[in-house]
Amino acid sequence: MTLFNAYRVLAILVGVLLAFCSLVALPLKYLATEGSSLQTFGENASIMWVAHGWLFMVYVVVAFLLSRKAGWSWGFTGTALIAGLIPLLIFWVERKVTQRYRADMGEPVTS
Amino acid sequence: MTSPVLAPRAWGVHLLVLLAVAAAGWLGWWQFGAWQAHRDAAAQDLTHASPIPLDRAIGPDDPMTGDVLGRPVEVSGRWMDLQIDADRPGGAWLVDFVRTDSGSAIPVVRGWYDGGDEPLPPTGNVDLVGWLQPSQDLVHDPDPHGSSNDVSGVSIPDLVQKTGVDLYSGFVVLDHARADGTDVTGLRQAHLEESPSAGTWPGARNLFYGVEWWFFAGFAIFLWIKWMRDETREQAATEDAVPSNA
């Protein structure tokens, strides 16, 4: 598995986990009626934050290695790293990275 | 010419790194503190605390709260001559009922029973000590109104439906060492499923977060050093490019 593929998989996993935690689990935990099954679900699902955090650590390392290999600017590198903490931003970053990568490889941009 | 990492336009970056490292370091420290606090709380195992009267731990109509979970309580009252088997893998818990002065009854798991003649329900007045436990999850009962005296767990709603008795919101697991005359012949001590030490998982979560934050603090420092090297090398490259082979 190339660094690029590893990056894409991690970006999507981190993005999905972050979106789930912040847009589903968090509102349910704090906004749903106390003691209701939805609220309990939100509370139990909050354990996914730990999964997100640890995957994000791996993502940070892989994204950094890729940034050196692909010669990203410091600005874009910073955005790509921070994107794992801002809901939904990572999907945009992943698209940009893929476009750049395909362009560099001389492949037509399909996504 | 001065190094580019000392130029005024680089100060913003330095400040940003400083803030990021301070914030991540502090958050990590805070999470480790929370983890430590959880461990201290778990170490105070309430199951060995001295018993308090049942009505001081929980009222007949109160919900069960976490601070009395697993706590030994003194139950005084009268046996109701009513017995339910709570089926469990490999045997059953014998559940009997003590009606207290409050008028409500508390289910008492008298012990673990795995064959032979089922002991009869106890009768008469009683003073016993046992550990307070929350109602277990309601398991689908195939025969809720039937004559069978079996249930599949100590679920209070289930028991209320089965017995028609007004019950507390939890139950008690009898401590055989402090059964005070309650007949436990043919029964073994039932083990607690819910005790305060079950709370180590949220503590572990804090530990995981703490490690993460310190990793990010370290990574920010690493990025910062890389960036300074890049800047210095870039400048050296541009300076070299002009005079070489002139």
Side-chain angles (χ1 to χ4, degrees), chain A residues 7 10-11 13-14 17-18 20-22 25-26 29-30 33-37 39-86 89-90 93, chain B residues 4-5 9-10 12-17 19-21 23-24 27-28 31-32 34-35 38 62-66 134-135 137-138 157 169 198-234:
Chain A
Y7 172 81
L10 281 164
L13 279 176
V14 168
L17 276 172
L18 181 67
F20 172 77
C21 286
S22 58
L26 198 72
K29 181 178 172 182
Y30 291 106
T33 314
E34 189 72 34
S36 66
S37 58
Q39 197 263 342
T40 312
F41 171 76
E43 204 160 320
N44 291 336
S46 297
I47 194 69
M48 297 309 276
W49 279 113
V50 175
H52 164 261
W54 284 74
L55 264 179
F56 179 54
M57 289 201 287
V58 182
Y59 168 85
V60 159
V61 172
V62 170
F64 178 74
L65 292 176
L66 187 63
S67 82
R68 303 301 282 188
K69 208 173 129 187
W72 298 350
S73 70
W74 277 98
F76 188 73
T77 305
T79 310
L81 297 183
I82 293 295
L85 299 176
I86 301 166
L89 179 61
I90 203 162
V93 168
Chain B
V5 298
R9 67 172 198 91
V13 175
H14 297 320
L15 189 69
L16 201 70
V17 171
L19 283 177
V21 171
L27 283 164
Q31 292 289 355
F32 274 105
W35 174 61
H38 271 292
D62 295 342
M64 174 78 70
T65 52
S135 173
D137 289 338
L138 186 63
S169 63
T200 46
W201 182 234
R205 195 187 293 198
N206 290 119
L207 176 65
F208 291 149
Y209 287 146
V211 171
E212 279 166 31
W213 281 118
W214 282 357
F215 170 86
F216 292 131
F219 200 80
I221 293 171
F222 169 76
L223 284 182
W224 178 57
I225 292 170
K226 274 277 182 203
W227 175 80
M228 287 196 295
R229 276 215 197 123
D230 269 17
E231 290 288 296
T232 316
R233 196 177 303 140
E234 232 167 69

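Chain A is the first sequence line, chain B the second, and so forth, proteins listed ahead of strands; every chain is numbered from 1.
- Counting non-hydrogen atoms of other residues, nucleotides and ligands closer than 6.0 Å to CZ of R68(A) gives a total above 12.
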**Prompt:** Yes or no on side chain to side chain contact (heavy atoms under 4.5 Å, CB included) for V61(A) and F215(B), after CA distance, side-chain angles and deciding distance?
**Reply:** CA-CA 11 Å; V61(A) 172; F215(B) 170 86; 3.8 Å; yes
**Request:** With side chain to side chain contact (heavy atoms under 4.5 Å, CB included) as the test, would you mind laying out the steps for V13(B) and W74(A) before giving the verdict?
**Result:** CA-CA 11 Å; V13(B) 175; W74(A) 277 98; over 6 Å; no
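- For W227(B), the CH2 atom sits in a packed shell: over 12 heavy atoms of surrounding residues, nucleotides or ligands are nearer than 6.0 Å.
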**Prompt:** For E212(B) and W49(A), what are the C-alpha separation, side-chain angles and deciding distance, and is it a side chain to side chain contact (heavy atoms under 4.5 Å, CB included)?
**Reply:** CA-CA 11 Å; E212(B) 279 166 31; W49(A) 279 113; over 6 Å; no
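- To the nearest 0.5 Å, atoms CZ (F64(A)) and CZ (F219(B)) are separated by 5.5 Å.
- Atom CG of L81(A) sits about 9.5 Å away from atom CZ of F216(B), to the nearest 0.5 Å.
- Both the backbone and the side chain of S46(A) come within less than 4.5 Å of a heavy atom in chain B.
- Within the 4.5 Å cutoff, the side chain of F208(B) has no heavy atoms near those of the I47(A) side chain.
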